Structure formats: C-alpha cells, structure tokens
Amino acid sequence: MLFETLATTGHEQVVFCHSKDAGLKAIIAIHNSVLGPALGGLRMWPYKSEQEALNDVLRLSRGMTYKNAVAGLNLGGGKAVIIGDPSKDKSEALFRAFGRFVNSLNGRYITAEDVGIDVNDMEYVFRETEFVTGVHQVHGGSGDPSPFTAFGTLQGLMAALNHKYGNEDVGKHSFAVQGLGHVGMEFVKLLREQGAKVFVTDIHKERVQCAVDEHGCTAVGLDEIYDVDADVYSPCALGGTLNEKTIDRIKAKIICGAANNQLATDEIGDELARRGVLYAPDYAVNAGGVMNVSLEIDGYNRERAMRMMRTIYYNLSRIFQIADRDHIPTYKAADRMAEERIATIGRIKLPMMGNSGPRFLGRMRGQ
Ligand code: NAD
C-alpha cells in the first residue's frame with residue numbers, strides 16, 4: 001500500500017523516526033535528490049492520525065522538489081514532520097533525537113524551520129547534526145528569511161508587470177496586499193518606497209495601523225480586500241484565497257504575493273488564465289526564503305543572498321514564456337520548468353565520486 005503511494009508520488013525514501021525516551025514520532029520524506037541533497041523544513045503539528053502526518057509530509061516534500069528546482073538551486077526536495085503539539089510537547093531531547101536521525105542520513109536530507117518550529121528548536125537539532133539551515137546568525141547562519149522573501153516577491157512582481165504592461169514601474173500601479181506579517185509588512189514598505197498606491201488588510205489591527213502610519217498605506221476591511229480596485233492582488237497571509245468565492249470579485253489583472261498554496265484548486269488556475277489574469281506562481285515568487293537559507297551550505301553571505309533574489313525575476317519571466325509557448329496556465333508552466341530542469345540536469349550528472357554530501361562552511365557548532 002505504502003509503496004503504491006510512493007510509486008504514484010515519485011518519492012525516493014521515507015524514514016520513520018521513533019524514540020520512546022524522547023517522545024519522538026517523526027517522518028522524513030525525500031522526494032527527489034536528482035539536483036542535490038533534499039532540502040525542506042521541519043513541521044511540528046498535532047496530526048490527528050499517522051496517516052494524516054504521512055500525507056502531509058509526502059505532499060510538502062514533493063512541493064519542495066518543484067520549488068527548489070525552479071529556484072535554480074542545486075537541491076532536491078524533502079520535508080520532515082514531528083507528530084506533536086508545539087505548545088506542549090517540545091523538549092531538548094525531542095529535537096536532539098530528531099537531529100540524530102537527520103544526521104544518520106549523512107546529508108541526503110537538510111532540515112530547516114517550518115510551521116511550529118523556531119530558531120531555538122533548531123539550536124538543539126544543530127547540536128546533533130550539521131545538516132540544518134536557518135540556524136541563528138551567532139552560529140554563522142542566515143537568520144530571519146522574511147526580508148529576503150519580500151525582496152524576492154518584489155522581483156517576481158516586476159517580472160509580472162513587465163510581462164503584462166511592458167514596464168517594471170511599480171510606482172505607477174496600485175496594490176491590494178492581504179496580510180501584514182513578517183513578509184507582508186516588509187513588502188508594502190518596498191512598494192511604498194517606489195510610490196505605489198497600496199491597500200492593506202490584516203486580522204491584527206495594530207499591524208494595519210502601522211502600515212497606515214509608517215508607510216502611508218490605505219486600510220480596508222478583511223473581506224473588502226477582494227473588492228478593491230487595484231492592478232495587483234497580493235496574497236501574503238494564508239493559502240487558498242484564490243477560490244470560487246473570491247475570483248469573481250478580484251479586479252486585479254496580476255496576482256503576485258508571498259503566500260504558499262494560493263490556488264484552492266488547479267481549476268482556479270485554469271480559470272484565471274482563461275480570464276487573462278496573470279498569476280505569478282506562488283512557489284516561484286516566494287523562493288527568496290529558501291534561496292537565502294541554501295547559501296548557508298557553502299558559507300552565508302548577505303550580499304550574495306540579495307544578488308540571488310534577482311534570479312526570481314528571470315525565473316518568473318521564463319515561466320511566463322513557457323506558458324505562452326505551450327499555451328498553458330502559468331501554474332502548469334512552473335511545474336513544467338521544474339520538471340524540464342530536473343530531467344536535463346539528471347541526464348548530464350556524472351556518477352557520484354566518493355563522499356559528495358554537502359559541506360557546510362563558515363559555521364560554528366556547539367555552545
Ligand atoms: P506571518 O504569520 O508573519 O504573517 C501572516 C499575516 O497574515 C499575519 O499578520 C496574520 O494576522 C495575517 N492574516 C492571517 N489570516 C488573514 C486573513 N484572513 N486576512 C488578512 N490577514 C490575515 O507569516 P509570514 O512569514 O509573513 O508568511 C506569510 C505567507 O508567506 C505564508 O503563507 C507563508 O507560508 C509564506 N511564506 C513565507 C516565507 C517567509 O520567509 N516568511 C517564505 C515563503 C513563503
């Protein structure tokens with residue numbers, strides 16, 4: 001049964017990790033390592049069943065293969081989940097036990113932070129294995145990826161504006177930005193610096209107030225964001241906001257934001273394309289975070305990270321070209337770009353010589 005699932009999803013390896021003493025029940029899934037070691041975050045969640053946890057890690061690890069491939073990284077896709085409640089079940093032993101399992105894979109899987117996990121948890125993992133990214137700056141890590149994700153989103157946006165209107169002039173356009181968290185607030189700041197008209201909303205009133213007072217944005221209600229007359233709708237909160245109920249209301253001709261899994265279904269992506277709305281595929285737009293942590297592998301450098309964000313512009317331009325070339329919606333073009341890269345690089349790869357696992361330079365482990 002499990003192998004049947006893996007045959008369908010294309011996964012290479014699934015590792016079930018158990019430590020009774022540490023209370024650890026975790027699953028690591030390596031989807032594809034053709035481009036390099038599988039990199040993807042660790043999620044901690046109170047899954048209702050083991051099957052639910054397995055489904056989640058399989059889905060998320062596959063997503064990382066596509067994201068890393070389109071980002072142009074020499075990394076494959078993987079992900080890990082710990083079954084547990086992040087508000088109650090965290091301990092040093094839990095994360096160190098998890099770290100030992102990661103280490104046992106000898107660099108085939110590299111972990112990072114995801115939902116339910118913070119930099120302090122990663123400190124424990126880091127004590128047991130070097131195959132961790134997103135570690136604290138005091139260890140030579142890259143710190144909070146959000147400003148890079150926001151800057152990368154701006155690059156994706158400029159590619160979309162250029163494709164749609166033939167110019168990259170952010171300041172000439174209007175934006176409806178949903179979500180003013182770590183990425184959204186930084187993103188509206190960048191938009192306003194270029195003089196754009198920016199409408200904002202968030203569940204947290206103080207964040208909206210901050211965007212109005214400090215960045216000169218215009219506040220709208222939580223539900224009103226879908227009706228705003230703006231050129232670009234920018235989802236920077238939760239996934240699934242492009243759905244049957246919202247797409248008739250959205251007037252924007254471009255959709256470009258940092259949120260993950262923006263399309264509720266593939267059919268919504270087809271429908272947006274049919275209506276002539278340019279959807280900038282989420283995982284290509286929001287790759288700034290993973291690009292940033294990936295640089296920890298051979299020695300983190302902030303300037304290099306900022307330069308790398310610019311490649312998001314070219315990746316999006318290529319996706320739009322493929323969509324036009326093959327007459328397909330942009331979300332399918334992004335998948336095609338990932339698959340083409342994996343197939344091409346897979347063909348030219350030389351056999352592995354000796355131990356070619358990743359080497360982490362410029363980081364200090366221990367206390
Ligand atoms: P965050 O939790 O800091 O911010 C999310 C914000 O959205 C919060 O302020 C929250 O109040 C608001 N929000 C939630 N539901 C809302 C709703 N219905 N309407 C309006 N606002 C709502 O998260 P973040 O790190 O800024 O990430 C934002 C999105 O970008 C997420 O989907 C995340 O998965 C994705 N993403 C983030 C990064 C990163 O580097 N942080 C990288 C890749 C993708």
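Atoms within each ligand, like the ligands themselves, are counted from 1 in listed order. Note that these values count all heavy atoms, side chains included, but never hydrogens, waters or copies made by symmetry. Because the structure is a prediction, the values reported are computed rather than measured.
- With respect to atom 22 (C) of ligand 1, the closest heavy atom belonging to the protein is A237 CB, 3.6 Å.
- Of the listed options G41, G288, A258, A287, A258 places a heavy atom closest to atom 35 (C) of ligand 1.
- Annotation: atom 15 (N) of ligand 1 to nearest protein heavy atom, I203 CD1, 3.3 Å.
- A salt bridge links D56 with R59: the closest approach of a Lys/Arg side-chain nitrogen to an acidic carboxylate oxygen falls below 4.0 angstrom.
- With respect to atom 34 (O) of ligand 1, the closest heavy atom belonging to the protein is N260 ND2, 2.9 Å.
- Ion pair E339/R336 not flagged as a salt bridge, since none of the NZ, NE, NH1 or NH2 atoms sits closer than 4.0 Å to an Asp/Glu carboxylate oxygen.
- Of all protein heavy atoms, the one lying nearest to atom 26 (O) of ligand 1 is V183 N, 2.8 Å.
- Considering all non-hydrogen atoms of both residues, L157 and F175 come closest at CD2-CE2, 3.4 Å.
- In summary, K79 and D114 engage in a salt bridge, as defined by a charged side-chain N under 4.0 Å from a carboxylate O.
- Atoms of ligand 1 lying under 4.0 Å from any heavy atom of L238, numbered from 1 in the order shown and given with element: 15 (N).
- With hydrogens left out, the protein atom closest to atom 43 (C) of ligand 1 is N286 O, 3.6 Å, a heavy atom.
- Using a 4.0 Å cut-off to heavy atoms of G179, the atoms of ligand 1 that qualify are 7 (O), 21 (N).
- Residue contacts with ligand 1: T149 is placed with a nitrogen or oxygen under 3.5 Å of a nitrogen or oxygen of the ligand (distance criterion only).
- Distance check for atom 32 (O) of ligand 1: a protein heavy atom is found below 4.0 Å.
- A cation-pi contact, defined as under 6.0 Å to the ring centre and within 45° of the axis, links K197 to F199.
- Counting protein heavy atoms only, atom 2 (O) of ligand 1 is closest to H182 ND1, 4.8 Å.
- Protein heavy atom closest to atom 9 (O) of ligand 1, with residue, atom name and distance, is R207 NH1, 2.4 Å.
- Electrostatic pairing of D298 and R304 counts as a salt bridge here, judged by a charged N lying under 4.0 Å from a carboxylate O.
- Proximity to L222 (heavy-atom distance under 4.0 Å) selects the following atoms of ligand 1: 19 (N), 20 (C).
- A pairwise comparison of heavy atoms in M309 and M291 identifies CE-CB, 3.9 Å as the closest pair.
- Within the 6.0 Å centre-distance limit, the rings of H173 and Y165 are counted as a close aromatic pair.
- Here R249 pairs with D227 in a salt bridge; the nearest charged N to carboxylate O distance falls below 4.0 Å.
- Proximity to H204 (heavy-atom distance under 4.0 Å) selects the following atoms of ligand 1: 11 (O).
- Closest protein heavy atom to atom 12 (C) of ligand 1: D202 OD2, 3.2 Å.
- A cation-pi geometry, defined here as NZ or CZ lying under 6.0 Å from the six-membered ring centre and within 45° of its normal, holds between R310 and Y313.
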